[in-house]
2 protein chains.
Amino acid sequence: MHRRTKQRRVILEELAKVTTHPTASDLYEMVRRRVPLISLGTVYRNLDLLSREGAVQKFEFAGSKTRFDATVARHNHVRCMECGRLDDLTELADDGVDDRAIELNGYRILGRRIEFFGLCPQCRERCEEIENT
Amino acid sequence: MHRRTKQRRVILEELAKVTTHPTASDLYEMVRRRVPLISLGTVYRNLDLLSREGAVQKFEFAGSKTRFDATVARHNHVRCMECGRLDDLTELADDGVDDRAIELNGYRILGRRIEFFGLCPQCRERCEEIENT
DNA sequence: GTGTTTGCAAACGTTTTGCACAGGT
DNA sequence: ACCTGTGCAAAACGTTTGCAAACAC
């Protein structure tokens with residue numbers, strides 16, 4: 001069985017503190033303030049273990065680093081193409097995508113991921129200013 | 001202006017030959033049969049250039065290598081979680097996802113990507129056999 | 001001739017792994 | 001005492017980049 005180590009506990013605690021979606025090295029820096037000698041490898045190993053247990057969610061986004069989230073409830077994301085900011089989209093939990101079509105391809109569907117991308121409020125404003133010049 | 005080099009031409013020709021979604025190194029192996037001294041770096045540089053030109057599509061899938069496609073029309077994908085196989089889903093081009101909700105978050109949405117994942121026909125059969133044992 | 005493109009190899013950033021030791025049970 | 005988890009460093013992985021030579025225009 002899995003043992004309750006200080007490293008594992010602090011990683012989970014630090015992840016639960018934030019609503020951002022930290023990467024493994026973000027978390028490494030956060031945890032290091034409380035467990036100075038922790039190694040990045042340990043952070044990776046624990047995040048992997050915790051995500052397999054279902055205690056954290058792991059998001060492997062297209063074209064960027066893996067991000068982690070202590071919020072386990074299902075939700076989709078928007079990424080800003082300009083600054084890289086990542087936001088939750090809780091309202092779109094039920095996305096209305098039709099599953100039947102995929103049955104036609106002979107696949108047994110186990111899940112789906114929707115990623116939206118665009119401009120966040122700040123970058124949008126900045127871009128629109130430039131457009132109007 | 002861009003020059004018409006043998007390497008670039010052969011990369012595009014080989015990519016157009018297949019309906020799979022080769023990675024850069026898959027393509028490197030394919031092209032190498034015709035241009036033995038080509039380097040992997042050249043394949044990457046040309047795929048990048050061709051995708052910026054819109055001649056090929058680049059798919060940066062979550063948690064896996066970037067794949068390329070000479071079919072430019074918009075379509076979604078299913079990935080097999082067991083064997084990694086990747087299929088097109090042309091029928092689901094209009095996915096029915098509601099865009100209005102995202103406007104509420106203040107984002108200007110420029111695109112979305114839907115990835116389905118599950119078991120392909122072959123792996124599905126194999127898994128169901130094991131389940132029934 | 002000029003400037004782009006190439007092959008090669010080294011560098012890169014993220015993630016994984018091998019190892020001997022520390023520490024939870 | 002066992003055997004999982006750790007720190008460290010090196011390796012692995014896909015991708016990018018610096019360079020001098022080669023080539024398209």
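Lettering of chains follows the sequences in order, A, B, ..., and the numbering in each one begins at 1. Everything numeric here is computed off the predicted structure, so don't read it as measured data.
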Distance (rounded to the nearest 0.5 Å) between [X] [atom1] and [Y] [atom2]:
{"X": "B/Gln7", "Y": "B/Leu37", "atom1": "CD", "atom2": "CG", "result": "9.5 Å"}
{"X": "A/Lys65", "Y": "A/Ser25", "atom1": "NZ", "atom2": "OG", "result": "4.5 Å"}
{"X": "B/Gln57", "Y": "B/Leu15", "atom1": "CD", "atom2": "CG", "result": "10.5 Å"}
{"X": "A/Glu14", "Y": "A/Asp26", "atom1": "CD", "atom2": "CG", "result": "12.0 Å"}
{"X": "B/Leu27", "Y": "B/Arg67", "atom1": "CG", "atom2": "CZ", "result": "11.5 Å"}

| request: Using five pairs at either end of the helix from C/dG1-D/dC25 to C/dT25-D/dA1, determine the angle between the two local helix axes and round it to 10 degrees. | output: 30°
| task | Quickly work out the A/Leu40 CG to D/dG7 C1' distance and round it to whole Å. | result | 11 Å
| task | Starting at the 5' end of nucleotides 1-6 of chain D, put B wherever the base has a protein heavy atom under 4.0 Å, S where only the sugar-phosphate does, and a dash everywhere else. | result | --BBSB
| said: So, does B/Tyr44 get its side chain near the phosphate of D/dT16, meaning an N or O under 4.0 Å from OP1 or OP2? | reply: no
| field | Note: A/Arg34-A/Glu13 ion pair, threshold 4.0 Å (strictly below) | value | yes
| field | Ion pair A/Asp69/A/Lys58, N-O distance below 4.0 Å | value | no
| said: What range of DNA chain C does chain A touch, first nucleotide to last, counting atoms under 4.0 Å from its heavy atoms? | reply: C/dT14 to C/dT25
| task | State, yes or no, whether a side-chain contact exists between A/Phe68 and A/Thr23 at a heavy-atom distance under 4.5 Å. | result | no
| Between the side chains of A/Asp88 and A/His77, is a donor N or O closer than 3.5 angstrom to an acceptor N or O? | yes
| Which is true for A/Thr66 with a 4.0 Å heavy-atom rule: it touches a base, it touches only sugar-phosphate, or it touches nothing? | sugar-phosphate
| query | Taking everything shown except B/Glu125 itself, do over 12 heavy atoms lie less than 6.0 Å from its CD? | reply | no
